[in-house]
Enquirer: 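The structure that follows is given in the form of structure tokens.
The structure displayed is predicted, hence computed values, not measured ones. Residue numbering restarts at 1 for every chain, and letters A, B, ... go by the order of the sequence lines. Values below: every heavy atom of this structure, side chains too, minus hydrogens, waters and symmetry copies.
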Amino acid sequence: MSKKIFPKNRLLIFGLFLLTLLIMVSLLASYVAPFDPNYVEVENRLNRPGGKNILGTDGYGRDIFSRIVFGARFSLSLAVLVVLINLCIGVFIGTASGFFGGAVDELTMRLVDILLAFPNIIFALLVIGILGPSIPNLVFALVALGWTNYARITRGLVLSLKEQDFIISIKAIGGGDFYIITRHVIPSIIPFLVVLATLNMGHMIMSIAALSFLGLGVQIPTPEWGSMLSEGKQFIFTHPHVIISPGLAIIIAVFAFNLLGDGLRDVLDPRTKEIIKT
Amino acid sequence: MESVLKIKDLSVNFNSKDGIVKAANNLNLTIYSGEILGLIGETGSGKTVLGQAIIKILPQTARVTGEIWYGNRNILALGEEEMNKIRGKEIALIFQNPSSSLNPSLKIGEQIAETVQKHQGLNKKEAWEKAEAILSQVGMPPRFAHYYPHQYSGGMRQRAMVAICLACQPLFYIADEPTRGLDVTVQNQIAGLLNSIIKNGKGQRSMLLITHDISVAAALTDSMAIMYAGEIVEYGPTREVFKNPLHPYSKGLLNSHPAKGLKPIKGFSPSLINLPEGCKFFSRCSRAEKDCQKEVPMFGRKGGKHIVRCFYA
Amino acid sequence: MLEAVNLSKSFYYGLFQRNKNDAVKNVSFKIKKGETLCLLGESGCGKTTAGMMIAGLIKPTSGMVLYRKENIFKYRPKELKKFRTRLQIIFQDPDTVLNPRWIIEKSLSEPLRIHGLANGKESRDRIMELIETVGLSHEHLNRYPFELSGGQLQRIILARALLLKPDFIVADEPTSSLDVSVQAQILTIFKELQKKFQLSCLFITHDLHVARCIADRIAVMYKGTMLEEGNAEDIFSNPVHPYTRGLLDSLIIPDPEAVHPLDSNIPITSDRNYTGCKYKELCDYREQICEEKEPVLKK
């Protein structure tokens with residue numbers, strides 16, 4: 001059935017194509033990139049796009065295209081890492097509190113309510129400000145709040161699922177809680193979670209870039225889109241190409257994930273729309 | 001007797017991704033004024049589709065052929081604008097599920113008054129008084145007009161639904177499974193209410209009662225048509241059909257009722273997508289012969305108005 | 001075999017859980033081996049809650065359920081799992097009972113997997129045998145639930161219930177969402193199987209016609225309390241409680257010649273808790289004592 005629906009969904013296909021391209025590029029970065037991303041060549045600084053350096057060079061004379069290609073690696077893998085950790089924590093807590101209810105549920109959900117009251121990026125700023133800028137701290141800062149959304153949505157899905165006859169009937173047959181959760185509950189909510197995680201990827205890429213831009217994430221000179229923007233910001237009026245290319249890269253990546261997420265949402269289950277609103 | 005509604009060669013098909021769904025095939029049916037005609041059938045027999053075709057609320061994907069004559073107008077040839085004048089005002093539909101057809105944020109009285117205002121041009125106060133009067137017609141005290149649908153029980157919502165239908169004094173009613181899902185005592189009340197509406201109409205009002213419940217059909221209807229797999233297989237005065245059911249399916253259906261022996265028909269109803277050639281009941285019929293599989297039997301007349309679609313009845 | 005002793009269940013709701021709703025109040029009955037007790041009542045009378053308590057799926061507020069003289073709510077986890085093989089429950093709406101993402105075969109073999117009884121051929125043979133007993137064939141095994149009709153699904157669910165060779169079935173309105181002819185098929189199969197496997201049964205229904213043809217004994221429930229209990233024959237031929245009488249009188253029978261007691265008047269009752277008999281508001285025989293005391297069951 002899904003085979004029939006896929007070709008119709010052009011946006012999904014396009015998103016999938018963009019994403020595959022991005023992943024391929026980041027995996028094969030050392031083959032795709034024409035230069036070493038960290039090779040400084042001061043005499044070639046701030047070259048305009050075209051010629052030897054396709055997208056020009058930055059303030060230190062490094063090849064921007066190569067830096068973007070290697071940057072994809074950092075931006076994507078960091079975002080994937082953060083989303084996966086969030087997903088795991090969120091699903092674990094959400095399922096536990098939705099399925100068992102009671103005091104555990106009350107406690108975790110009040111915690112979630114409190115955490116959700118903080119604006120994401122400001123909370124991350126606070127955490128990094130205290131712990132100091134580094135990649136592990138960046139991941140920690142984004143996870144500290146990120147899991148709450150997954151927990152909340154998972155809990156809602158589990159709550160409605162657990163009242164359904166097919167879950168009750170398995171309980172009546174003698175299936176234990178662990179069996180029901182792993183065989184019935186989690187498989188039933190996976191489609192929703194996949195969509196949620198995909199849509200969340202774009203958001204994460206933005207957050208990581210934003211924190212790096214502020215100098216709180218990936219540190220220079222590591223090639224990363226956000227830190228590239230940060231380094232290039234002094235040339236914004238004189239040599240805008242330094243900033244436009246990494247900016248476009250971020251936009252394209254976010255766009256690709258959002259297209260994919262929206263497409264998946266439509267294909268997997270029309271009902272998802274009501275539950276996951278971004 | 002004068003006929004109110006005449007259905008001629010009505011067929012309804014739907015396109016689905018698995019093929020064409022033949023929901024109704026060549027239906028012919030006449031409803032006379034003053035009578036309650038029961039349309040009896042099970043899930044997937046096409047009975048609801050017939051009701052929807054009469055007031056033209058079928059989904060867009062439906063393809064309808066044939067004629068439905070209401071007085072001297074062919075409903076199927078009417079435009080949407082003219083149809084809107086008929087719906088509610090001349091032909092009313094009483095739904096199976098009243099809770100989804102009532103507006104949850106308006107008081108019942110307001111919902112009735114709104115209809116009255118629209119169709120009879122009364123002012124607000126007069127319309128409200130009228131609404132209270134209509135509510136007492138369906139057996140509810142006037143104070144119930146101030147309640148919201150969620151304050152009503154299932155049976156009362158069905159009454160409210162009937163009250164809204166009554167607001168414009170239509171002459172023809174389509175009731176689609178009005179008693180399904182209600183408790184025994186409440187079923188009895190609703191059946192009584194529908195009966196009194198038609199019988200108090202001085203022979204002017206008539207009703208098409210679509211139901212799967214043969215007890216309700218026995219209690220209310222004057223004549224009945226039995227549908228199977230998109231076709232009418234038997235039609236006749238209710239007493240005669242019950243006393244002497246002719247079609248093997250009708251017999252099976254009546255005998256399936258717990259109060260009439262609980263003798264099941266073997267097998268399953270066919271899917272409306274892959275309908276067999278010939279008689280649709282062939283594979284489940286104990287009296288079937290070879291020729292039943294070849295062609296669809298025509299209606300045979302069995303005395304008076306009792307007709308049946310079977311070679312061997 | 002199975003005994004309910006003073007089962008009660010109250011739900012609390014509203015701000016600060018101040019409002020109390022007695023869904024089931026002091027319900028007691030016994031079911032012998034091979035016997036069918038019909039729990040008869042209108043929607044909202046607490047019959048489903050009572051059934052869920054019998055099946056051990058809801059904990060009662062007070063009272064107990066004895067299965068072979070043991071309180072099922074005192075079971076240790078291991079005993080409870082064993083009990084789950086002895087008692088099976090059949091739900092009202094067959095469309096929702098199977099995991100919609102699983103093919104029938106996977107759902108059918110699930111009880112065997114849960115209890116570690118599934119070993120290849122043996123389990124498959126048992127499934128095949130049962131699927132034929134309920135009038136289906138192996139071709140239905142590879143389908144998804146949405147591809148089957150309600151009647152076919154209810155057969156599958158019956159087969160699954162019998163897979164673990166239970167001796168007690170709780171059937172909660174198993175045919176109320178089905179057509180008359182399909183209902184006849186399911187009830188006939190049910191009766192056959194019950195005889196074949198010597199099953200005891202708690203059959204919950206609102207349909208007097210169904211109750212009459214399936215029950216050995218009938219218990220009538222109204223607003224959470226049991227009003228009358230007795231042999232099915234006695235209840236139908238000689239109902240004692242005014243409510244039961246009213247219920248029987250309002251029954252529409254499938255015969256156009258009969259005089260149908262159609263009554264379009266609306267009875268109005270309040271939902272609030274009050275003292276005295278639950279049925280007093282509608283009762284023709286109401287007297288002062290009905291207002292003051294709640295009557296108890298007597299022989």
Enquirer: Would you name the heavy atoms of Ser169(A) and Arg160(C) that are closest together and state the gap between them?
Expert: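 Taking Ser169(A) first and Arg160(C) second, the nearest heavy atoms are OG-NH2, 2.9 Å.
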Enquirer: For atom CE of Met52(C), is the number of surrounding heavy atoms from other residues, nucleotides or ligands below 6.0 Å larger than 12?
Expert: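 It does: Met52(C) CE has more than 12 such atoms within range.
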Enquirer: Could you list the residues that satisfy salt bridge (Lys or Arg N to Asp or Glu O under 4.0 Å) with Glu132(C), not counting sequence neighbours?
Expert: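 If we apply the salt bridge (Lys or Arg N to Asp or Glu O under 4.0 Å) test to Glu132(C), skipping adjacent residues, there are no hits.
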Enquirer: Is the backbone N or O of Gly175(A) less than 3.5 Å from a side-chain atom of His115(C), with the two atoms forming a donor-acceptor pair by type?
Expert: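 Between the backbone of Gly175(A) and the side chain of His115(C) there is no qualifying donor-acceptor contact (under 3.5 Å).
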Enquirer: Mark yes when over 12 heavy atoms from residues, nucleotides or ligands other than Arg124(C) sit less than 6.0 Å from its CZ; otherwise mark no.
Expert: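 Atom CZ in Arg124(C) is not packed in, count stays at 12 or less.
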Enquirer: What distance do Ile58(C) atom CD1 and Ile168(A) atom CD1 have between them, rounded to the nearest 0.5 Å?
Expert: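 Output value for this atom pair is 8.0 Å.
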Enquirer: Side chain, backbone, both or neither: which part of Leu87(C) has a non-hydrogen atom closer than 4.5 Å to chain A?
Expert: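 It is the backbone, since no side chain atom gets that close.
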Enquirer: Could you tell me the separation between the CD1 atom of Ile114(C) and the CD1 atom of Ile180(A), rounded to the nearest 0.5 Å?
Expert: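 So the gap between those two atoms works out to 7.0 Å.
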Enquirer: State whether the number of non-hydrogen atoms from other residues, nucleotides or ligands found under 6.0 Å of Phe17(A) atom CZ is greater than 12.
Expert: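 Not buried by this count: 12 neighbours or fewer within 6.0 Å.
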Enquirer: Which residue pairs pass the side chain to side chain donor-acceptor pair (under 3.5 Å) test with at least one member in residues 176-189 of chain A, sequence neighbours excluded?
Expert: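 Of all non-adjacent pairs touching residues 176-189 of chain A, those that pass side chain to side chain donor-acceptor pair (under 3.5 Å) are Tyr179(A)-Glu110(C), His184(A)-Asn99(C), His184(A)-Glu110(C).
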Enquirer: Once you round to the nearest 0.5 Å, how far does CZ of Phe166(A) lie from CH2 of Trp102(C)?
Expert: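 Going from CZ on Phe166(A) over to CH2 on Trp102(C), the span is 9.0 Å.
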Enquirer: Quick one: OG on Ser107(C) to CD1 on Ile173(A), what's the gap to the nearest 0.5 Å?
Expert: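 Here the rounded value is 8.5 Å.
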Enquirer: May I ask you to check whether over 12 heavy atoms, not counting those of Met128(C), lie within 6.0 Å of atom CE?
Expert: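 Enclosed: over 12 neighbouring heavy atoms sit under 6.0 Å from CE of Met128(C).
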Enquirer: With a 4.5 angstrom heavy-atom cut-off, is it the side chain or the backbone of Leu164(C) that approaches chain A, or both, or neither?
Expert: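 The answer is the side chain of Leu164(C).
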Enquirer: Check whether more than 12 heavy atoms from other residues, nucleotides or ligands sit under 6.0 Å from atom CZ of Phe92(A), and answer yes or no.
Expert: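 It does not: Phe92(A) CZ has 12 such atoms or fewer within range.
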Enquirer: Rounded to the nearest 0.5 Å, what separation is found between the CG atom of Asp93(C) and the CD atom of Gln164(A)?
Expert: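 Output value for this atom pair is 11.0 Å.
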Enquirer: Heavy atoms only: give me the nearest Pro191(A)-Arg101(C) pair and the separation to one decimal.
Expert: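 Where Pro191(A) meets Arg101(C) most closely, the heavy atoms are CG-NH1, 3.8 Å.
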